[in-house]
**Q** 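Structure provided below as structure tokens; questions to follow.
FYI, side chains are in, hydrogens and waters are out, and symmetry mates aren't considered; it's all heavy atoms of this structure. Letters A, B, ... mirror the listed sequences (proteins, then strands); counts begin at 1.
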Number of protein chains: 2
Amino acid sequence: MAVTIKNIADACNVSRGTVDRALNNRGKINPEKKELILAKAKELGYKPNYIARSLKRGKTNTIGIIVFNLYNEFFSSLINSMEEKAKEKDYHIDLALTHYDKDTEKKCVESMIRRQVDGLILCSVNNKKDYSSWLQKFNIPVVSLANKISNKIPYISVDDRRAMKDATQYVADKGYDRIIYISPPLAYEDTHNIYALKQRFEGFSQVNMEHESIIIESKDYIRELETINILEYKTAILCTSDIYALEVLNYLKEKKIKIPSQVGVMGFDNINMLKYIEPHLTTVSYPIEQIGAIAIDSISQAIENGNKIQNMVITHEIIIGESL
Amino acid sequence: MAVTIKNIADACNVSRGTVDRALNNRGKINPEKKELILAKAKELGYKPNYIARSLKRGKTNTIGIIVFNLYNEFFSSLINSMEEKAKEKDYHIDLALTHYDKDTEKKCVESMIRRQVDGLILCSVNNKKDYSSWLQKFNIPVVSLANKISNKIPYISVDDRRAMKDATQYVADKGYDRIIYISPPLAYEDTHNIYALKQRFEGFSQVNMEHESIIIESKDYIRELETINILEYKTAILCTSDIYALEVLNYLKEKKIKIPSQVGVMGFDNINMLKYIEPHLTTVSYPIEQIGAIAIDSISQAIENGNKIQNMVITHEIIIGESL
DNA sequence: CTGTTAGCGCCTTCAC
DNA sequence: GTGAAGGCGCTAACAG
């Protein structure tokens with residue numbers, strides 16, 4: 001059984017109130033008694049029970065974080081930066097992964113609410129109109145990252161549309177006259193939150209190429225790619241994530257297609273592992289660690305001072321590699 | 001303010017006890033009343049307060065997990081598998097990162113103890129003899145992964161010595177007659193926990209090569225490598241982690257040294273991203289996801305049934321690539 | 001300056 | 001079947 005304030009009080013022949021004053025530098029207390037109590041607490045190995053404290057204070061100093069998974073370095077970098085920032089501000093991380101499942105996500109949210117997290121940061125797969133009001137019902141600060149939920153929920157991200165437009169323009173400026181655009185399915189709209197994907201697609205659509213673009217929107221994009229004559233025209237393959245681009249690179253290498261002389265490839269995210277990839281992938285930097293730090297900052301201020309969290313757009317950047 | 005059992009009780013004109021019976025299927029209760037109470041609970045949007053429940057039950061259903069960071073895919077895969085397994089068993093993850101700092105690790109442990117985690121899984125940087133008794137003082141199940149703390153703390157891992165011995169033997173069998181062995185500093189012993197590293201080094205030392213091996217043990221291994229005539233003899237560079245091996249590959253590519261015809265390279269861990277790397281890295285599989293799942297399994301049984309957690313050795317495997 | 005006490009929300013015994 | 005009540009450990013308001 002762990003040592004409690006009562007144990008210390010008994011051991012020192014004082015009241016629990018006095019022990020509390022000694023331990024937490026609250027109000028007036030006889031310095032000698034304070035010494036004695038602190039010494040005894042140390043001797044007994046007292047560790048405050050934060051569960052009890054949380055119950056009393058109605059605050060757990062915990063931020064719930066819900067993301068898809070940690071297989072994509074994008075998210076592990078995010079969690080890494082958030083944990084660091086959270087620790088600095090004396091918050092804990094309650095982490096849950098949805099694996100892109102909407103029901104799992106809802107369960108995660110509910111479970112976190114039951115655990116009385118002080119705030120919620122999520123990269124959501126949910127999209128239904130009523131999801132955002134459902135979230136607001138819980139009356140704690142919520143921040144969405146990377147995938148907007150609604151205008152009601154603060155959203156921190158890059159400008160996905162602009163970023164993909166810039167990427168597409170960069171491809172065009174490089175002299176490519178046709179693009180094969182690879183994205184996860186865009187038709188999932190009524191079942192999944194694909195806000196960012198749609199934004200990117202719109203951005204892509206704003207740039208005109210000489211020859212008609214080919215859109216592949218499928219999890220099975222490599223198989224789709226096989227049905228296309230890639231070498232026709234001066235073609236670039238533009239992917240909505242680096243991971244997709246890496247798979248494409250692998251496919252092209254297998255087919256002995258030269259990059260970038262026969263076909264160009266461009267990714268999106270600029271994940272760290274790219275430094276080990278050859279050829280160096282041209283991509284768009286997504287400053288996910290910065291976004292994570294900002295999210296923790298904003299949400300902790302919202303928790304502590306009731307500040308409203310502002311939407312925020314972080315600057316992206318074209319990263320020039322050798323794959324285009 | 002969130003809805004409590006008392007609110008429901010008042011709304012239904014029953015006692016809190018009865019609400020509890022309805023909500024948790026406890027004991028006898030008038031079916032009609034139960035219906036009414038459940039309906040009311042739903043209507044009011046009742047969500048049990050787990051903090052209060054935890055305080056009462058003395059169990060938080062939370063497992064504290066402490067690892068170095070998430071930059072190495074090794075750890076993000078680990079967390080990923082643990083989160084999945086934990087969710088399945090209705091545990092939450094309290095995640096903290098140490099960034100290889102011993103004091104940070106201790107603070108993380110203390111903070112988790114204060115939060116009353118039911119168990120602790122850690123990949124430790126601490127090594128001092130008294131660390132393991134300090135850990136045991138808290139009287140909750142503890143499991144160490146990947147880096148052994150002491151014989152007193154259950155340890156789940158591969159047999160690092162055997163694994164590196166097998167790797168070295170594989171290199172020798174491939175016809176290499178000299179090895180450059182790259183490891184983080186082994187001299188940190190009095191400051192850091194380098195159990196696994198030492199085991200690997202011992203395993204490596206058990207195999208005799210024709211020419212004397214060169215040991216590089218430094219964070220600055222690339223610079224060290226520059227001072228060596230790599231092309232002398234038939235040399236293989238054996239690294240204690242894939243990440244190191246990837247850096248070495250980058251260095252060799254930059255120097256236009258052909259792999260494996262001029263020099264061989266071997267890694268350790270078999271992280272997922274290797275599938276995007278060329279040439280395919282020969283490495284040792286470290287079944288970290290399996291280890292994570294086993295750790296959660298064992299610790300949850302220890303929490304629930306008081307089972308003693310057994311040490312466990314998981315099978316490694318040589319992964320044959322094209323870099324050797 | 002110090003002790004007492006009433007909860008935070010839930011769970012559990014005990015009595016009716 | 002149901003209600004009343006105490007307590008998990010900590011905090012804070014109130015007495016003294």
**Q** Using C1' atoms of five pairs at each end, report the bend of the helix from C:dC1-D:dG16 to C:dC16-D:dG1 rounded to 10 degrees.
**A**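 That helix has its two terminal axes inclined by roughly 50°.
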**Q** Could you tell me whether the side chains of B:Tyr91 and B:Glu83 share a donor-acceptor contact shorter than 3.5 Å?
**A**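 There is no such pair (donor and acceptor under 3.5 Å, judged by atom type) between the side chains of B:Tyr91 and B:Glu83.
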**Q** How are the rings of B:Phe138 and B:Trp134 set to each other: parallel, tilted or perpendicular (split at 30° and 60°)?
**A**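 Correct class here is perpendicular.
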**Q** Does any donor atom in the side chain of A:Arg115 or B:Ser54 lie under 3.5 Å from an acceptor atom in the other side chain?
**A**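 Distance-only check fails for A:Arg115 and B:Ser54.
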**Q** Please name all residues satisfying side-chain hydrogen bond (donor to acceptor under 3.5 Å, both in side chains) with B:Asn127, sequence neighbours left out, ordered by chain then number.
**A**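 Not a single residue meets the side-chain hydrogen bond (donor to acceptor under 3.5 Å, both in side chains) criterion with B:Asn127.
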**Q** Atom pairs under 3.5 Å, N or O on each side, protein against nucleotides 12-16 of chain D: can you list them with distances?
**A**
unit_1 : atom_1 : unit_2  : atom_2 : d
D:dA12 : OP2    : A:Arg26 : NH1    : 3.1

**Q** At the 4.0 Å heavy-atom cut-off to chain A, mark where contacts on DNA chain C begin and end, going 5' to 3'.
**A**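 With heavy atoms of chain A under 4.0 Å away, the range is C:dC1 to C:dG9.
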**Q** What is the nucleic acid contact for B:Lys6, judged by heavy atoms within less than 4.0 Å: base, sugar-phosphate only, or nothing?
**A**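 If one applies the 4.0 Å heavy-atom cut-off, B:Lys6 turns out to touch nothing in the nucleic acid.
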**Q** Test A:Ile140 against every option in A:Ile63, A:Asp118, A:Val117 by the side-chain contact (heavy atoms from CB on, under 4.5 Å) rule and name the one that passes.
**A**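 Of the listed residues A:Ile63, A:Asp118, A:Val117, the side-chain contact (heavy atoms from CB on, under 4.5 Å) partner of A:Ile140 is A:Val117.
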**Q** Does either side chain, that of B:Asn61 or that of B:Lys59, offer a donor lying less than 3.5 Å from an acceptor on the other one?
**A**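 Result is yes, a qualifying pair exists.
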**Q** Any side-chain N or O of B:Lys28 under 4.0 Å from OP1/OP2 of D:dT2?
**A**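 Checking B:Lys28 against D:dT2: no side-chain N or O falls below 4.0 Å of OP1 or OP2.
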**Q** To the nearest 0.5 Å, what is the distance between CG (A:Asp94) and NE2 (A:His92)?
**A**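 Result: 10.5 Å between the selected atoms.
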**Q** Which residues pass the ring pair (Phe, Tyr, Trp, His ring centres under 6.0 Å) test with A:Tyr155, sequence neighbours left out?
**A**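 Partners of A:Tyr155 under the ring pair (Phe, Tyr, Trp, His ring centres under 6.0 Å) test: A:Tyr195.
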**Q** Does the side chain of A:Thr4 get closer than 4.0 angstrom to OP1 or OP2 of D:dG9 through an N or O atom?
**A**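 For D:dG9, neither OP1 nor OP2 has a side-chain N or O of A:Thr4 closer than 4.0 Å.
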**Q** Give me the ring orientation class for B:Tyr286 and B:Phe74: parallel if the planes are under 30° apart, tilted from 30 to 60°, perpendicular past 60°.
**A**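 Judged by the thresholds at 30° and 60°, the geometry between B:Tyr286 and B:Phe74 is perpendicular.
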**Q** Scan side-chain atoms only and decide if A:Ser150 and A:Ser132 contain a donor-acceptor pair under the 3.5 Å cut-off.
**A**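 The answer is yes; a qualifying pair exists.
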**Q** Would you say B:Ile37 and B:Thr18 make side-chain contact, with heavy atoms under 4.5 Å?
**A**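 They are in side-chain contact.
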**Q** Tell me the interatomic distance from A:Asn61, atom CG, to D:dC10, atom P, rounded to whole angstroms.
**A**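 Whole-Å distance recorded here is 16 Å.
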**Q** Taking for each residue the nucleotide of DNA chain D bearing the nearest heavy atom, is the 5' side occupied by B:Leu55 or by B:Thr18?
**A**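 Mapping each residue to its closest nucleotide by heavy atoms, the 5'-most match is B:Thr18.
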**Q** How close do B:Ala295 and B:Leu145 get, counting heavy atoms only, and between which atoms?
**A**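 Nearest pair, atom of B:Ala295 first, then B:Leu145: CB-CD2, 3.8 Å.
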**Q** Could you identify which residues of residues 38-53 of chain B place a heavy atom less than 4.0 Å from some atom of DNA chain D, listed by residue number, or say none?
**A**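 Contacting residues: none.
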**Q** Kindly give the heavy-atom pair with the smallest separation between B:Ile288 and B:Ser77, and that separation in Å.
**A**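 Between these two residues, the closest heavy atoms are CG2-CB, 4.0 Å.
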